[in-house]
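Start at 1 with the first residue, then count along the sequence. All figures in this text were calculated on a predicted structure; none of them were measured in a lab. Just so you know, ligand 1 is whichever comes first in the structure, and atom 1 is the first atom listed for that ligand. We use all heavy atoms of the structure for the numbers below, so side chains are in, but hydrogens, waters and symmetry mates are not.
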Amino acid sequence: MQPLAEKKIVLGVTGGIAAYKVVQLARNLTLQGALVDVVMTAEATKFVTPLTFQALTHRPVYTDMWQMSNDADISHVTLGDRADLVVIAPATANTIAKLAAGFSDDMLTTTVLATTAPVLLAPAMNVNMWANPATQANLATLRQRSMLVVEPESGRMAEPMVGVGRLAAIERIEAEISALLGRVGGPLSGWNIVVTAGGTHEPIDPVRFIGNHSSGAMGYALATVARDLGATVTLITGPASAPLPLAVQVVRVETAQEMHAAVHAAVPSADMLIMAAAVADYRPQTVAAEKIKKTASGGEQRSLELTHTIDILGSLRDTTSVIKVGFAAETRAIAEYAQDKLRRKGLDLIVANDARTALGASDNAVTVYAPDGTAWEIARQPKAQVAAQIFDILLQRWPTPRRWTQSDTTDSHE
Ligand SMILES: Cc1cc2nc3c(=O)[nH]c(=O)nc-3n(C[C@H](O)[C@H](O)[C@H](O)COP(=O)(O)O)c2cc1C
């Protein structure tokens with residue numbers, strides 16, 4: 001499936017040196033199925049030719065609003081009218097100033113003024129131009145008018161300078177585009193979803209810990225799918241090796257105790273909690289203040305006293321204001337253990353998987369169980385697709401957030 005299929009995106013390109021990077025953005029959005037109409041300012045065409053964008057988007061590139069009058073089907077406001085989203089990348093200080101003042105003296109500013117679609121700006125400029133109070137005041141005005149700004153990054157610039165002003169990474173801009181398109185029309189628009197992911201590290205001493213093989217990939221895939229479907233996502237992650245999803249709120253934790261605190265802080269404003277993290281069941285009873293020495297007493301043998309970690313889902317057993325989805329990773333009797341956990345912890349759904357093939361892998365095969373005995377098999381495939389299918393099931397069961405309606409019927413908790 002193409003995530004941006006048929007989405008009409010106007011990509012405004014202005015006269016900054018970072019225009020060359022946006023060629024890749026135009027290509028990526030097109031490959032994801034979006035209909036990308038590139039609008040370039042006159043200055044932008046001095047950095048990259050319209051032909052480059054035209055060849056990659058397979059669509060005409062607009063540079064002159066007066067040319068429009070020759071075409072019966074398209075006028076100076078048509079692109080803005082029909083857009084699902086307007087993105088300006090790079091956005092120069094000059095264009096930002098013109099937008100703040102409400103100018104419409106070229107095709108791009110006219111399109112922005114004429115659109116009711118969301119507008120996303122990715123500024124890029126010299127460090128001092130960025131820090132200039134005029135630029136910051138203009139951006140504040142535009143934010144106030146609900147335009148979304150993907151902040152520039154700090155780093156080496158085209159001029160021999162280092163500082164804030166470099167265009168945000170293309171993948172960050174893409175993630176913000178997906179999230180914004182989800183929020184305006186996606187099926188999870190209006191939902192607040194908390195996803196936990198990764199493993200936990202339970203310290204033994206200042207340099208050692210008990211951990212597990214969780215890569216975070218399953219939870220991160222769930223967070224990404226939820227974001228693209230329009231949810232506001234809080235991702236609470238323990239240590240993990242998979243790349244973090246962008247355009248979601250990330251809370252980093254180390255231990256089960258920290259994850260417990262983060263989940264309890266997030267749940268009151270959540271509609272759904274998905275606990276995909278591989279939380280340690282045991283932790284060392286005491287944590288040594290100093291590194292335990294190899295030569296310390298005890299000879300060859302050394303034992304570690306363990307105690308149960310806090311049970312996060314168990315602590316939410318009586319919380320019914322949030323839809324609770326658990327994960328069970330087992331190595332045997334998977335269905336039996338998973339359904340037992342579903343009942344004991346008063347969950348609304350549980351996703352069962354084989355710990356031997358799920359943890360640290362890029363693919364997964366899962367079975368989803370509901371308290372009423374319904375089961376859904378999801379065949380082995382990349383975790384992103386497994387996550388998408390899990391959300392198909394969730395949306396089937398809860399078409400609207402529980403916090404607002406009591407539409408679900410899964411109240412068969414023991
Ligand atoms: C080599 C060169 C690089 C430039 N890079 C930037 C830039 O990265 N950001 C910016 O705001 N302006 C930059 N400018 C200045 C803009 O091109 C100038 O303000 C222009 O009027 C912008 O027009 P536009 O906003 O209509 O595209 C650059 C100018 C030159 C000559």
Side-chain angles (χ1 to χ4, degrees), residues 9-26 29 36-54 56-57 60-68 76-77 79-80 83 85-115 119-143 145 147-174 176:
I9 299 177
V10 171
L11 175 58
V13 183
T14 66
I17 191 72
Y20 79 95
K21 297 181 181 171
V22 174
V23 169
Q24 189 67 48
L25 178 64
L29 295 174
V36 183
D37 284 317
V38 175
V39 179
M40 302 180 76
T41 61
E43 273 67 19
T45 65
K46 294 177 181 148
F47 293 89
V48 180
T49 66
L51 183 62
T52 308
F53 285 107
Q54 188 180 311
L56 293 169
T57 62
V61 170
Y62 302 90
T63 53
D64 179 357
M65 90 179 143
W66 301 106
Q67 267 173 1
M68 305 281 116
H76 60 296
V77 292
L79 292 179
L85 176 70
V86 177
V87 183
I88 306 183
T92 54
N94 177 60
T95 292
I96 288 167
K98 289 205 299 184
L99 294 177
F103 274 56
S104 69
D105 64 349
D106 61 14
M107 185 64 189
L108 180 58
T109 48
T110 303
T111 299
V112 173
L113 213 55
T115 196
V119 179
L120 188 147
L121 304 173
M125 63 198 70
N126 157 279
V127 180
N128 297 330
M129 286 171 81
W130 172 252
N132 193 296
T135 303
Q136 291 304 318
N138 290 332
L139 283 166
T141 301
L142 296 176
R143 282 195 189 94
R145 293 185 200 144
M147 289 192 192
L148 198 113
V149 179
V150 188
E151 298 276 327
E153 294 175 355
S154 179
R156 179 164 285 281
M157 319 272 286
E159 321 94 272
M161 252 178 152
V162 176
V164 180
R166 193 169 71 175
L167 183 73
I170 295 302
E171 56 268 34
R172 229 180 97 210
I173 301 173
E174 272 179 63
E176 294 292 353

Peer 1: Which of the listed options, G16, P123, G12, A124, holds the heavy atom that is closest to atom 9 (N) of ligand 1?
Peer 2: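 Among G16, P123, G12, A124, the closest heavy atom to atom 9 (N) of ligand 1 belongs to A124.
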Peer 1: Indicate whether atom 13 (C) of ligand 1 is within a distance of less than 4.0 angstrom of some protein heavy atom.
Peer 2: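 So atom 13 (C) of ligand 1 has protein heavy-atom neighbours under 4.0 Å.
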Peer 1: Quick one: does T110's side chain have a donor or acceptor within less than 3.5 Å of a partner on S104's backbone?
Peer 2: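 Checking the backbone N and O of S104 against the side chain of T110, a donor-acceptor pair under 3.5 Å is found.
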Peer 1: Please confirm whether N94 comes within less than 3.5 Å of ligand 1 when only nitrogen or oxygen atoms on both sides are compared.
Peer 2: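 N/O-N/O distance below 3.5 Å exists for this pair.
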Peer 1: Going through the checks in order, is the side-chain contact (heavy atoms from CB on, under 4.5 Å) test met by E43 and T92?
Peer 2: CA-CA 10 Å; E43 273 67 19; T92 54; over 6 Å; no
Peer 1: By number and element, which atoms of ligand 1 are closer than 4.0 Å to a non-hydrogen atom of M129?
Peer 2: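 Going through ligand 1 atom by atom, the ones under 4.0 Å from M129 are 10 (C), 11 (O), 12 (N).
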Peer 1: With heavy-atom distances below 4.0 Å as the criterion, list the atoms of ligand 1 near F47.
Peer 2: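 What qualifies from ligand 1 is 1 (C), 2 (C), 3 (C), 4 (C), 30 (C).
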Peer 1: Going by an N to O cut-off under 4.0 Å, is there a salt bridge joining K21 and E174?
Peer 2: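 Salt bridge: no.
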Peer 1: Evaluate side-chain contact (heavy atoms from CB on, under 4.5 Å) for L142 paired with V149, printing each intermediate quantity in order.
Peer 2: CA-CA 9 Å; L142 296 176; V149 179; 5.6 Å; no
Peer 1: When you measure from atom 20 (C) of ligand 1 to every protein heavy atom, which one gives the shortest distance, and what is it?
Peer 2: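 The protein heavy atom lying closest is E43 CG, 3.7 Å.
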Peer 1: Pull out every atom of ligand 1 sitting under 4.0 Å from any heavy atom of T14, numbered as shown with elements.
Peer 2: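 Those atoms are 27 (O).
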Peer 1: Do any nitrogen or oxygen atoms of K98 come within less than 3.5 Å of a nitrogen or oxygen of ligand 1?
Peer 2: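 No; the residue has no nitrogen or oxygen that sits under 3.5 Å from a nitrogen or oxygen of the ligand.
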Peer 1: Number the atoms of ligand 1 from 1 as they appear, then name those within less than 4.0 Å of a heavy atom of T41, with their elements.
Peer 2: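 What qualifies from ligand 1 is 24 (P), 26 (O), 27 (O).
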Peer 1: Taking T135 for the side chain and A93 for the main chain, is one N or O donor matched with an acceptor at less than 3.5 Å?
Peer 2: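 Flag not set: sc T135 to bb A93 has no pair under 3.5 Å.
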Peer 1: For T111 and M107, indicate whether the former's side chain and the latter's backbone hold a donor-acceptor pair under 3.5 Å.
Peer 2: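 Confirmed, T111 side chain pairs with M107 backbone.
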Peer 1: For atom 11 (O) of ligand 1, grab the closest protein heavy atom and report residue, atom and distance to one decimal in Å.
Peer 2: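 For atom 11 (O) of ligand 1, the nearest protein heavy atom comes out as A93 N, 2.8 Å.
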Peer 1: Where the closest heavy atom to atom 5 (N) of ligand 1 is concerned, which of V13, I17, D105 has it?
Peer 2: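 Looking at heavy atoms only, I17 sits closest to atom 5 (N) of ligand 1.
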Peer 1: Looking only at protein heavy atoms, identify the closest one to atom 16 (C) of ligand 1 and say how far it is in Å.
Peer 2: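 For atom 16 (C) of ligand 1, the nearest protein heavy atom comes out as G15 O, 3.3 Å.
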Peer 1: With distance as the sole test, does N132 use its side chain to make a donor-acceptor pair with the main-chain N or O of N128 at under 3.5 Å?
Peer 2: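 No, N132 side chain to N128 backbone: no donor-acceptor pair under 3.5 Å.
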Peer 1: Is a side-chain N or O of T115 found less than 3.5 angstrom from the main chain of V112, in a donor-acceptor match?
Peer 2: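 Looks like no, no N/O pair under 3.5 Å.
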Peer 1: Do side-chain atoms of E176 reach the backbone of L120 as a donor and acceptor pair under 3.5 angstrom?
Peer 2: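 Judged by distance alone, no pair lies under 3.5 Å.
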Peer 1: Less than 4.0 Å from atom 31 (C) of ligand 1, is there any heavy atom belonging to the protein?
Peer 2: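 When distances to the protein are checked, atom 31 (C) of ligand 1 has no heavy atom within 4.0 Å.
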